[in-house]
Amino acid sequence: MIYTETEIKGVWMIEPEVFRDARGYFMESYKKPEFEQYIGDVHFIQENESCSVQGVLRGLHYQLEPYAQSKLVRVIDGEVFDVAVDIRKGSPTFGRYIAVVLSGENKRQLFVPKGFAHGFYVMSKTAVFTYKVDNPYMPVYERGIRFDDPAIGVDWRLLSESAFSISGKDRIAPLLDEAEINYTYK
């Protein structure tokens, strides 16, 4: 696999070596010793999967400490525009984001460390999205930031508001400067 740290410290793009032939393909999606060599010791405890239809926007989500989560995200089928926003207090890149296209075709993965809000927009007819986490989901600690916060300025590649579907909870999430954040840059 090729590990490339993005312009925001701690966020990594991981591109697996894919072996293809007439029968299909094979790839390693996670290899602990190699992962630890580049990123460090992250103890994943759960893997989640969702399927969403075109135009669905999920996010920007995060959990407060002590249940902040690191995530290793990828798309098995379809294509998403994936976003990670730095919400680490004291970080030199606080409020900046990384955006990448993840797809079943390119097989890329994104490692999103603790202290980031995460979301994605489905660009294909459907998308199967999967992610490993290192802390359990705890609804009481779940928080969100508005997907369209002008201070962050994510270009979601949307044509118009009618071109996407978003939950009521995500639509009314607070702006970054109003959001409850308790993760500090280390």
Side-chain angles (χ1 to χ4, degrees), residues 1-19 25-52 56-88 91 93 96-124 126-139 141-145 147 152 154 156 170 181 183-186:
M1 288 187 238
I2 300 169
Y3 287 76
T4 307
E5 191 167 26
T6 67
E7 59 268 18
I8 297 182
K9 184 175 174 43
V11 180
W12 289 78
M13 175 70 69
I14 304 166
E15 299 181 71
E17 185 174 6
V18 181
F19 300 93
Y25 74 89
F26 172 83
M27 66 177 235
E28 294 175 342
S29 62
Y30 175 75
K31 194 172 187 178
K32 184 177 172 77
E34 194 173 278
F35 186 89
E36 288 179 349
Q37 176 186 345
Y38 288 93
I39 296 172
D41 185 22
V42 178
H43 180 70
F44 294 116
I45 64 162
Q46 183 174 322
E47 187 167 13
N48 304 310
E49 181 175 305
S50 69
C51 182
S52 302
V56 166
L57 192 155
R58 297 185 186 270
L60 298 160
H61 302 147
Y62 63 98
Q63 289 190 166
L64 297 173
E65 288 285 27
Y67 291 99
Q69 294 177 321
S70 294
K71 297 177 180 179
L72 181 59
V73 303
R74 70 186 180 110
V75 171
I76 295 172
D77 185 47
E79 183 175 62
V80 306
F81 182 73
D82 197 76
V83 174
V85 179
D86 188 348
I87 59 168
R88 301 171 295 177
S91 168
T93 53
R96 287 189 38 209
Y97 70 93
I98 294 293
V100 297
V101 173
L102 302 177
S103 71
E105 183 64 31
N106 69 26
K107 309 282 187 231
R108 291 179 179 157
Q109 299 179 71
L110 190 67
F111 175 72
V112 181
K114 293 176 181 181
F116 282 75
H118 175 261
F120 64 90
Y121 171 70
V122 179
M123 300 165 63
S124 53
T126 61
V128 177
F129 187 89
T130 185
Y131 57 102
K132 294 174 177 24
V133 294
D134 66 348
N135 245 335
Y137 172 65
M138 298 295 286
Y141 291 88
E142 181 184 24
R143 298 294 185 273
I145 297 170
F147 69 98
I152 299 169
V154 175
W156 287 103
D170 287 348
I181 297 169
Y183 196 88
T184 303
Y185 180 72
K186 297 171 187 168

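We number each residue from 1, following the sequence as shown.
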How long is the straight-line distance from CD of Glu17 back to CZ of Phe26, given to the nearest 0.5 Å?
10.5 Å
Tell me, yes or no, whether the heavy-atom count around Tyr185 atom OH, taken from other residues, nucleotides or ligands under 6.0 Å, exceeds 12.
yes
Answer whether the closest heavy-atom distance between the side chains of Tyr62 and Val112 falls below 4.5 Å.
no
Are Leu102 and Phe120 side-chain neighbours, meaning at least one heavy-atom pair lies under 4.5 Å?
no
Can you tell me if Gln63 uses its side chain to pair, donor with acceptor, with the backbone of Met138 under 3.5 Å?
yes
Residue list, salt bridge (charged side-chain N to carboxylate O under 4.0 Å, His left out) with Glu65, at least two apart or on another chain
none
CD of Glu5 to CD of Glu7: how many Å apart, nearest 0.5 Å?
10.0 Å
Does the side chain to side chain contact (heavy atoms under 4.5 Å, CB included) test come out yes or no for Asn135 and Lys114, once each step is laid out?
CA-CA 10 Å; Asn135 245 335; Lys114 293 176 181 181; 4.1 Å; yes
Show which side-chain atoms of residues 43-51 pair as donor or acceptor with protein atoms under 3.5 Å away, not counting sequence neighbours.
residue, atom, partner, partner atom, Å
Gln46, NE2, Asn48, OD1, 2.8
Glu47, OE2, Thr130, OG1, 3.1

side-chain contact (heavy atoms from CB on, under 4.5 Å) with Asp82: which of Ile98, Val75, Val101, Val100?
Val100
Working to the nearest 0.5 angstrom, can you tell me the gap between Thr4 OG1 and Glu15 CD?
6.0 Å
Asp170: what forms a salt bridge (charged side-chain N to carboxylate O under 4.0 Å, His left out) with it, not counting sequence neighbours?
none
Would you say Tyr97 and Leu60 make side-chain contact, with heavy atoms under 4.5 Å?
no
To the nearest 0.5 angstrom, please state how far the CG atom of Leu110 sits from the CZ atom of Phe116.
9.5 Å
So do the side chains of Ile39 and Ile14 get within less than 4.5 Å of each other, counting heavy atoms only?
yes
Where is the tightest heavy-atom contact between Ala117 and Ile145, given as atom of each residue plus distance?
CB-CD1, 4.2 Å
Can you find a heavy atom in the side chain of Asp134 that is under 4.5 Å from one in the side chain of Gln69?
yes
Treating Ser124 as the side-chain partner and Glu79 as the backbone partner, does any N or O pair qualify as donor plus acceptor under 3.5 Å?
yes
May I ask you to test the Met13-Arg108 pair for a side-chain heavy-atom distance under 4.5 Å?
yes
Could you list the residues that satisfy salt bridge (charged side-chain N to carboxylate O under 4.0 Å, His left out) with Arg58, not counting sequence neighbours?
none
Could you check whether any side-chain N or O of Gln109 sits under 3.5 Å from a backbone N or O of Ser29, counting only pairs where one atom can act as donor and the other as acceptor?
yes
Please identify each residue that fulfils salt bridge (charged side-chain N to carboxylate O under 4.0 Å, His left out) with Asp86, with sequence neighbours left out.
Arg88
Starting from the C-alpha separation in whole Å, work towards a yes-or-no answer on side chain to side chain contact (heavy atoms under 4.5 Å, CB included) for Val42 and Lys32.
CA-CA 9 Å; Val42 178; Lys32 184 177 172 77; over 6 Å; no
Within a strict 4.5 Å, meaning less than it, do heavy atoms of the Tyr141 and Pro66 side chains meet?
yes
Contact summary for Gly119 and Trp156, nearest pair of heavy atoms:
C-CH2, 4.1 Å
Decide yes or no on ring-ring contact (aromatic ring centres under 6.0 Å, His included) for Phe111 and Phe35, but give the supporting numbers first.
CA-CA 10 Å; Phe111 175 72; Phe35 186 89; 5.5 Å; yes
Check whether any side-chain heavy atom of Ile87 sits under 4.5 Å from a side-chain heavy atom of Tyr183, and report yes or no.
no
For atom CD of Glu105, is the number of surrounding heavy atoms from other residues, nucleotides or ligands below 6.0 Å larger than 12?
no
Using 0.5 Å steps for rounding, measure from the CZ atom of Arg74 to the NZ atom of Lys107.
8.0 Å
Applying side-chain contact (heavy atoms from CB on, under 4.5 Å), name anything that partners Glu34, two or more places apart in sequence or on another chain.
Met1, Tyr3, Lys31, Tyr38
